[in-house]
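We count residues from 1, following the sequence as given.
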Amino acid sequence: MQPQLLPISNPNPSSSSSSSSEIIPITSSASAGTMLFGSEDDMAAATRILISPTFEDEMKIETRPLISRTLSYTDTLSSTSGGSGSHQQQQRRRRTASETSLFSLSGGGRRHSFRQNMGGAASDTYLLTRLGCKLLRYLGVGYRWVTRFLSLGCYAFLLIPGFIQVGYYYFCSSQVQRGIVYGDQPRNRLDLYLPKNGDGPKPVVAFITGGAWIIGYKAWGSLLGQQLSERDIIVACIDYRNFPQGTMGDMIQDASRGISFICNNIAEYGGDPDRIYLMGQSAGAHIAACALVEQAIKEAGEGESTSWSVSQINAYFGLSGGIMEGEEGLRRYSPEIKVQDPDIRNVVALLPPIILFHGTGDYSIPSDSSKSFAETLRKVGVKAESVLYEGKTHTDLFLQDPMRGGRDDMFEDLVAIIHDGDSEALAKDANAPPKKRLVPECMLKLAHSVSPF
């Protein structure tokens, strides 16, 4: 293949007085392109993106000026030697030549350019799609990633009847107070779910939602908030910064600020400051556990100012939580590792009772993580237990079972612990009507089978 010669402006005009441009040969290497793009087809398509999508075609098209040089030059000579008649004839020829050239460019030329642009766009789209798929495959998100994504779409579609009803309650119910500010950082907001019965102070659950540390949002707890408020329990769903807006430390700090706001202000909303419970689901369980342990460390230290106390938390509930088992780089944010530190033996004595709920069918965060954390806590003197639900997946306990209606074992266990010692509340629970079904059973079973979690 002969090298192509492209004119490139001379960056140093003083080095050459005879010409303002140089001719630099540009050569192509098939082997180098193959190494970068994997095949000559990829290399050819990439070349069209980097240089011009229609470069070869443009080289074949004859370039025509709007007015022919020969015609203009001849007419100029005629106008110099002839009279006024020759001058008028020259003007007519110029107009005719210009109109012909403009017609060819605005008509057939435009259509030809449109076809070229469409072909180039299609070629570029194919190349970028192919390279994008290669990148995903190299990153380990190939076939499995695609199937998980499709499963997520099917799963969400099957639960849409429940999502619509919960969303209507969240936005339209007068029992939900949304967007209460608890701090000065972005997303420092919380939602309150208040019982209809306003007689006397109510127990409070400070809830931190999950979301893999990247898509957590306070509205994810609306179903739990609605159902607990029907049992005369106030629920405060705390929002927090996600990655990459915030680091793990920022998430824990936000959670701690939200808990502080609840401990110091919940009485204004009808809550009982002496009956506050902390709860987290999935990634939220990890964030809540970290906030609790860090607060205990601050209280055990000297000179540390605190805005809330671990003693104000009656119990901690972890639902399908990931606790991080303590890789070297995550040691700081692993509650299981922290409580084993011999330097903070006095800290663990401050921790409240810890109850960990988990499904044995959870393959997003295996139930062994909760069992291991509970065992570690008991070894260091903390009152802790893990409650396992046979065959339940990561989302069964939090979404499918509450949407099924009727009796929900995990929900009833949670309410029983919160109302323990309150005979009047326990009597109401015994006579409470069954929960309303939100999604047909056949759709819930299909959602269970296709769930990517």
Side-chain angles (χ1 to χ4, degrees), residues 136 141-173 176 178 191 193 207-230 235 237 239 242 279-285 318-322 357-367 370 387-415 433-453:
L136 293 176
V141 286
Y143 172 78
R144 183 173 180 180
W145 182 87
V146 173
T147 55
R148 285 290 184 92
F149 182 79
L150 294 175
S151 297
L152 177 61
C154 295
Y155 174 79
F157 175 78
L158 291 168
L159 297 183
I160 279 181
F163 291 149
I164 292 175
Q165 296 175 71
V166 175
Y168 179 81
Y169 172 84
Y170 178 74
F171 288 107
C172 301
S173 175
V176 182
R178 301 186 306 274
D191 296 333
Y193 298 81
F207 183 68
I208 301 176
T209 64
W213 301 274
I214 56 176
I215 57 171
Y217 184 56
K218 55 188 175 66
W220 301 166
S222 54
L223 179 56
L224 179 69
Q226 176 184 356
Q227 295 183 345
L228 284 178
S229 66
E230 293 173 354
V235 179
C237 291
D239 203 7
N242 291 181
M279 183 175 183
Q281 187 263 339
S282 191
L319 176 58
S320 305
F357 304 114
H358 220 122
T360 60
D362 188 340
Y363 52 85
S364 292
I365 302 176
S367 58
S370 290
V387 182
L388 304 182
Y389 300 90
E390 189 64 30
K392 299 297 184 179
T393 66
H394 192 68
T395 54
D396 277 339
L397 299 175
F398 188 61
L399 284 177
Q400 288 97 291
D401 286 354
M403 288 185 177
R404 178 170 281 110
R407 179 178 174 80
D408 179 353
D409 291 337
M410 192 283 296
F411 179 81
E412 296 298 337
D413 292 342
L414 175 66
V415 172
K435 292 190 296 182
K436 175 185 174 183
R437 176 181 286 276
L438 303 180
V439 179
E441 184 63 25
C442 59
M443 298 180 72
L444 288 172
K445 289 182 177 179
L446 283 175
H448 174 88
S449 61
V450 302
S451 173
F453 304 107

*Stepwise, does the side-chain contact (heavy atoms from CB on, under 4.5 Å) test hold for L438 with L223?*
CA-CA 11 Å; L438 303 180; L223 179 56; 4.0 Å; yes
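- Relative orientation of the Y170 and Y193 rings is tilted, given thresholds of 30° and 60° on the angle between their planes.
- Ring planes of Y389 and F357: tilted class, angle from 30 to 60°.
- To the nearest 0.5 Å, atoms CG (L228) and CG (L414) are separated by 5.5 Å.
- Side-chain contact annotation: S364 with H394, donor-acceptor N/O pair under 3.5 Å absent.
- Put simply, CZ on F398 and OG1 on T393 are 12.5 Å apart, with the number rounded to the nearest 0.5 Å.
- Taking each heavy atom of G210 and S282 in turn, the nearest pair found is CA-CB, 4.2 Å.
- A distance of 10.5 Å separates CE of M410 from NZ of K392, quoted to the nearest 0.5 Å.
- Heavy atoms only, all atoms of each residue included: S229 and Y169 are closest at OG-OH, 3.7 Å.
- With C237 as the partner, the side-chain contact (heavy atoms from CB on, under 4.5 Å) test is satisfied by one option alone out of M279, K218, R178: K218.
- Looking at heavy atoms from C-beta onward, F163 lies in side-chain contact with M403 at the 4.5 angstrom threshold.
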*So L444 and D401, side-chain contact (heavy atoms from CB on, under 4.5 Å) or not? Walk me through it.*
CA-CA 9 Å; L444 288 172; D401 286 354; over 6 Å; no
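- Counting only heavy atoms from C-beta outward, the side chains of T395 and Y155 approach each other to under 4.5 Å.
- Between K435 atom NZ and Q226 atom CD the span is 10.0 Å, to the nearest 0.5 Å.
- The two residues G321 and A285 come nearest to each other via the heavy atoms CA-CB, 3.5 Å.
- What you find for V166 and S222 is that their closest heavy atoms are CG1-OG, 3.1 Å.
- Q227 places a side-chain N or O within 3.5 Å of a backbone atom of P402 that can act as its donor or acceptor partner.
- Within the structure, side-chain hydrogen bond (donor to acceptor under 3.5 Å, both in side chains) contacts touching residues 441-453 (residues at least two apart or in different chains) are D396-H448, R404-E441, R437-E441.
- The backbone N or O of G216 lies less than 3.5 Å from no partner atom in the side chain of T209, so there is not a single donor-acceptor pair.
- Counting all heavy atoms, side chain and backbone alike, G211 lies closest to A283 at N-CB, 4.2 Å.
- Distance check, rounded to the nearest 0.5 Å: CG of L397 to CG of D413 gives 10.0 Å.
- Taking 4.5 Å as the limit, every side-chain heavy atom of L446 sits out of range of all side-chain heavy atoms of V450.
- Within 6.0 Å of atom CZ in F157, 12 or fewer heavy atoms from other residues, nucleotides or ligands are found, so the atom counts as exposed in its surroundings.
- The main-chain N or O of G391 is found under 3.5 Å from a side-chain atom of T360 such that the two form a donor-acceptor pair.
- Separation of atoms CD (Q281) and CH2 (W220) is listed at 12.0 Å; rounding is to 0.5 Å.
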